[in-house]
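Here is the structure we will look at.
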Amino acid sequence: MQVQRVVLNSRPGKNGTPVPENFRLEDTTLSPDLKDGEVLLRTLYLSVDPYMRCRMNEDTGAEYLTPWQLSECVDGGGVGMVESSRCASFTKGDVVTSFNWPWQTHVVMEGSILQKVDPRLVDGHLSYFLGAVGITGLTALLGVREKGNVIKGGNQTMVVSGAAGACGSIAGQIGRLDGCVRVVGICGSSDKCRAIVEDLGFDAAINYRQEDVPTRLKESCPHGIDVYFDNVGGNISDSVITQMNNGGHVILCGQISQYNKDVPYPPPLSEEIQEILRSKNITRERFMVLNYMNKAETALSELSQWIKSGQIKVLETTVDGIENMGGAFCSMMKGGNTGKQIIKISE
């Protein structure tokens, strides 16, 4: 069987910004003869995510992430359909997902690393299993629940950075559903700001490229900030933490502004910001969704119900074709996506 795949062609230089040329499209062949326990899959959708930038390095800087190897097939979140199976758990036509899906048009995988999913959970929007009803939605929901200390009736204000991204766009809506009276998002374009306010119901949005973030935070959060869902780190996060209330909570989800830099994760904070955290008794603990997977089934069911009822709206940016994987990844790293960046591989 002739298939196409994407391999890592080169690594970005030290402190380097990734470019599409770091990836290479190849033709290869796949034997349809399956061994016991194997499944032949047609890839439907693939995901690109910020954490993948760490996997482009020889050392990912995170013990739970393995680096991609040069000239070998890249992998990440994927959804596909079973075409044939020698695994008792799967039959032809099943829809399945995996965190370690090779960037290939067809793939043979061990059934043990696949998870069968029910298309009814997402009203047939199968790409949602890579975002809002997948690991991204889990990160948003469990991040808010485990680290945000949102209290119904608590009159709390939440700020979300990277608010038009895959995770931030869901996290802000969950903050509101769980009881925050005010939710403010920080984004990188006027279109994104408009989308999170008009489509997602955020109370206000700040365009960090065109507006003065500290000034706009004061205007948008007149009673200070109680919960901060941090996807970006850097100067934006320093500005938010500076305006947080005593006893506030930082949900340390991601630091995309720092991923192209040769620094440890999470990146170190300045003495000034550390002192603010100490003096105001603000919690700031790294959140890793993989530590909470015992709560995943219940959380995914809740996300599904919210989406089907229209209480959570899902934003996606979709690109067609495996040949555009590298370009889609690099665009996402620069904020070119609104919502989850998805690559559609086949119907």
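Salt-bridge formation is not detected for the pair D320/K344: no Lys NZ or Arg NE/NH1/NH2 atom is positioned less than 4.0 Å from an Asp or Glu carboxylate oxygen. A salt bridge links K340 with D49: the closest approach of a Lys/Arg side-chain nitrogen to an acidic carboxylate oxygen falls below 4.0 angstrom. Contact check on R278 versus E271 returns a salt bridge, with a Lys/Arg side-chain nitrogen under 4.0 Å from an Asp/Glu carboxylate oxygen. Salt-bridge annotation for D94 and K116: present, with a side-chain N of the basic residue lying under 4.0 Å from a carboxylate O of the acidic one.
Side-chain contact between M109 and P102 is present, with heavy atoms from C-beta onward closer than 4.5 Å. Between N155 and H223, every side-chain heavy-atom pair lies at or beyond the 4.5 Å cut-off. Within the 4.5 Å cutoff, the side chain of I135 has heavy atoms near those of the M293 side chain. Side-chain contact between H106 and P32 is absent, with no heavy atoms from C-beta onward closer than 4.5 Å. Counting only heavy atoms from C-beta outward, the side chains of M244 and V250 approach each other to under 4.5 Å. By the 4.5 Å heavy-atom criterion applied to side chains, D226 and H249 are not counted as neighbours.
In plain terms, the two heavy atoms of P18 and M333 that are nearest each other are CG-CG, 4.4 Å.
Checking Q311 against S309 by side-chain atom types alone, a donor-acceptor pair falls below 3.5 Å.
Residue pairs meeting the side chain to side chain donor-acceptor pair (under 3.5 Å) criterion with at least one member in residues 323-333, sequence neighbours excluded, do not occur.
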Next on the checklist: Is there a side chain to side chain contact (heavy atoms under 4.5 Å, CB included) between F229 and F287? Walk through the geometry before answering.
Outcome noted: CA-CA 10 Å; F229 200 101; F287 173 74; over 6 Å; no
